[in-house]
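In what follows, a structure is listed as structure tokens, so that the remarks can point back to it.
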Number of protein chains: 2
Amino acid sequence: MAQKAGVSVTTVSRVINNSKPVSSELRERVERVIKETGFAPSEVARGLVHRKTKLIGLMIPKVANTFFSQLIEGAEQVAKANGFNILLTVSHMDMEKEVDYLSIFKDRQLDGIIFSVSQFTNLHRQFFNEFEIPTVFLGQQIKETPYPYILIDNFKASYEATKYLINKGHEKIGILKGPDYDISTGYERYRGYQQALQDAGLAVHDDWVFSDFHDINNGYRGMKTIMEQDELPTAMFACSDVMAVGAINYLQDHGFRIPQDMSIIGFDDAELSTMFRPKLTTIRQDSFEMGAEAMRCLIEQIVEKKTEKKEIIFPHQLIERESTAETTNYLRR
Amino acid sequence: MAQKAGVSVTTVSRVINNSKPVSSELRERVERVIKETGFAPSEVARGLVHRKTKLIGLMIPKVANTFFSQLIEGAEQVAKANGFNILLTVSHMDMEKEVDYLSIFKDRQLDGIIFSVSQFTNLHRQFFNEFEIPTVFLGQQIKETPYPYILIDNFKASYEATKYLINKGHEKIGILKGPDYDISTGYERYRGYQQALQDAGLAVHDDWVFSDFHDINNGYRGMKTIMEQDELPTAMFACSDVMAVGAINYLQDHGFRIPQDMSIIGFDDAELSTMFRPKLTTIRQDSFEMGAEAMRCLIEQIVEKKTEKKEIIFPHQLIERESTAETTNYLRR
DNA sequence: CTGTTAGCGCGTTCAT
DNA sequence: ATGAACGCGCTAACAG
């Protein structure tokens, strides 16, 4: 390339990067050859020199889930706009895999990491102690690293969801939640639910609590389990829209009407929640924007070369639709 | 690292790669230091030497779509198992972006590309003429490159879907399809529909043909448009489950019953199709496995260092559920 | 303004 | 069995 234009590689580098003045004659000559050959500098070699790869590691538990797939799109868009690309990994909630991927991120010298941790174990701790790499945590309050995290106030949102049901006259309220070790959808959301009940002088009924991964079948199973109890709730707080839909499926399949026979509130406001009938009353969180903001925050760390502990709390919003109603002549077994 | 162990970098390289015999004494010494320091070789530098990055570029039009999100998971899993990682890009059906990303893939010296093209333009052609990089096309029959493509037989699948409706006694059948330039979901599926009608001596009714991106709102809009005609179909072939769901939403919102008043068959067999009520009759395609197979095929090209034109046709399957029925006293306006 | 030199962190000769 | 020297493709520092 350089000799084709009859100049030194340095000159080529200079016209490409506009890093130093080059006489218009040489510049033109170089530019012409670039056009002709379609030459473009190797990002790998550049990465070696600059110790920057312009690559962001994005690690999430699952792709096939509206929350995360939207989040990916938000992150990708911001990354692209700033000249970064995304290396995507899927952890499937497997903590060993997570740590494994972290070390791959390090070896590949990624410029930064956006990480939706399932659980912060000692191995995670060790990694972040040992290596310094700009990071943004997603969905969990990771307080023991110097890096920002971004999430909604799960406790508050769940408190509001439960309170909303209580205000509708419900006193018997069950919950379909994530696994216990999932801090946000398993632990925090349960806490909010619990607190709301307690503040209203209502008791938590253990038989109405069901925990598992968020998928439709578990929603179905969870609702089934609960409907097999002697005493039945009149409303359910589902910690995800898919859980809510699974629950509604079970109920409808067994002759119950929503919301007349059971009120159900979901969480996420996935596309699902408006295409499903009845349309879901739910808690909205803007996952696309959360992905975008996480990426912005990360890129800021990278270019400013400094990270400050930040807590970014995203707003949530209760959206009332058709799956919830006032308590009135509700069925009893 | 090398001096910490009191050996040359070469020796370190040898124990890490097991490339040449090293005395057990030095080996142990090196291994100990590796353990202690957590040293791992820079993948970037390795990439520069080997001209291999162990990175696969995956380009798809959208993430938040079951078909693609499952496909990503399939591809990621196989990549991971073979020591590759995925650089993910989202094209949003924008052809300029596609070409843009292709050139990024080249500059980053990715080892291979999995590419869901929206439309193969001259710029695409030019790229693949100019540069040699292992590729697998996804979802479209790209015949003009030496690279394999993988897809289902869209024509046949649509033919079967339409035929199924005809066998149920339907003679007035509409279609909700992708945009015209989308070869697979817009063009091929329409062709299959058309051919099935023709073979049955039925005419294509242009007023019952609606084309747009596959999303729920367009399904709703499309169905609305069609239901505003003077003459109405008794069955619809929706070229995606989301379109089908949008259509059903419109119909149900306006007092029609599915399948009694209108039969609807979808396409994809997304998770959606069983959680929605009525459960969707649909054409199943295994997107997870397609992603996995695409990745296998690509990695094979990479390691064997030779590519042969292959056409991989994936099986599809009609799954009968609740959204379709025999024609009987169907409504007329 | 331009070219030469050095070095980013490895792997791969080629000597020893 | 080991290490020194070279090169992967690029940019930064130094000369001229």
Side-chain angles (χ1 to χ4, degrees), chain A residues 1-34 37-55 83 85 103-111 131-133 302-303 305, chain B residues 1-34 37-55 83 85 103-111 131-133 302-303 305:
Chain A
M1 160 73 211
Q3 44 186 359
K4 258 203 161 182
V7 298
S8 73
V9 284
T10 314
T11 306
V12 176
S13 170
R14 277 168 190 155
V15 349
I16 287 181
N17 299 312
N18 252 319
S19 47
K20 285 214 170 177
V22 173
S23 71
S24 52
E25 191 203 325
L26 288 195
R27 155 160 279 126
E28 268 175 43
R29 211 168 349 139
V30 171
E31 275 168 351
R32 195 168 41 73
V33 179
I34 288 180
T37 61
F39 173 86
S42 155
E43 287 302 327
V44 180
R46 279 182 160 176
L48 189 60
V49 175
H50 288 137
R51 289 104 173 287
K52 297 219 175 301
T53 51
K54 287 283 186 177
L55 264 179
N85 287 117
S103 113
I104 290 179
F105 287 177
K106 184 205 61 168
D107 299 344
R108 285 195 179 276
Q109 289 164 242
L110 302 197
D111 290 351
F131 307 105
E132 217 169 298
I133 173 166
I302 295 170
V303 304
K305 280 165 188 150
Chain B
M1 160 71 213
Q3 44 186 358
K4 259 202 159 182
V7 297
S8 72
V9 282
T10 314
T11 305
V12 175
S13 170
R14 278 168 189 155
V15 348
I16 288 181
N17 300 310
N18 251 319
S19 47
K20 285 214 170 179
V22 173
S23 71
S24 53
E25 190 204 326
L26 288 196
R27 154 160 281 124
E28 267 175 44
R29 211 170 347 140
V30 171
E31 276 167 350
R32 194 169 41 72
V33 179
I34 288 181
T37 61
F39 173 85
S42 156
E43 288 301 328
V44 181
R46 279 184 158 175
L48 189 60
V49 174
H50 288 134
R51 290 98 172 283
K52 298 225 174 297
T53 50
K54 287 283 186 177
L55 265 179
N85 287 116
S103 113
I104 290 179
F105 286 178
K106 184 205 61 167
D107 299 344
R108 283 194 180 278
Q109 290 164 240
L110 302 197
D111 291 351
F131 306 106
E132 217 170 296
I133 172 167
I302 294 170
V303 303
K305 280 167 188 150

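Letters go in sequence order (proteins before strands), and every chain restarts at 1.
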(request) Determine, stepwise, if the pair B:Arg46 / B:Asn17 fulfils side-chain contact (heavy atoms from CB on, under 4.5 Å). (result) CA-CA 11 Å; B:Arg46 279 184 158 175; B:Asn17 300 310; 2.9 Å; yes
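Checking B:Thr10, B:Ile16, B:Val15 one by one against B:Val12, the side chain to side chain contact (heavy atoms under 4.5 Å, CB included) holds for a single residue, B:Ile16.
Interface residues of residues 10-27 of chain B facing DNA chain D, ordered by number: B:Thr10, B:Thr11, B:Arg14, B:Pro21, B:Val22, B:Ser23, B:Leu26; criterion, heavy-atom separation under 4.0 Å.
Minimum atom distance to the side chain of A:Leu48 is reached by C:dC8, of the listed C:dT12, C:dC8, C:dC10.
At least one donor-acceptor pair closer than 3.5 Å links the side chain of A:Arg29 to the backbone N or O of A:Ala5. Using a distance-only test at 3.5 Å, with no hydrogens or angles considered, no donor-acceptor pair links the side chain of B:Arg27 to the main chain of B:Pro21. At least one donor-acceptor pair under 3.5 Å links the side chain of A:Arg108 to the backbone N or O of B:Thr53. Judged by distance alone, the side chain of B:Asn85 and the main-chain N or O of B:Leu55 form no donor-acceptor pair under 3.5 Å.
Side chains of A:Ser8 and A:Thr11: a donor-acceptor N/O pair is present below 3.5 angstrom, by distance only.
Residues B:Leu48 and A:Val44 approach most closely at N-CG1, 3.7 Å, considering heavy atoms. Residues B:Ser13 and B:Ser19 approach most closely at O-OG, 4.2 Å, considering heavy atoms. Contact detail for B:Arg14 and B:Val22: the closest heavy-atom pair is CB-CG2, 3.7 Å.
When DNA chain D is scanned in the 5' to 3' direction for atoms under 4.0 Å from non-hydrogen atoms of chain B, the outermost contacting nucleotides are D:dA1 to D:dG9.
Here A:Arg51 reaches the OP1 or OP2 of C:dG9: one of its side-chain N or O atoms lies under 4.0 Å away. When the side-chain nitrogen and oxygen atoms of B:Ser42 are compared with OP1 and OP2 of C:dG9, none of them lie within a distance under 4.0 Å. At C:dG11, one or more side-chain N or O atoms of B:Arg46 fall inside 4.0 Å of OP1 or OP2 (strictly under the cut-off).
Where the helix from C:dC1-D:dG16 to C:dT16-D:dA1 starts and where it ends, the local axes point in directions that differ by 50°; five pairs per end, rounded to 10°.
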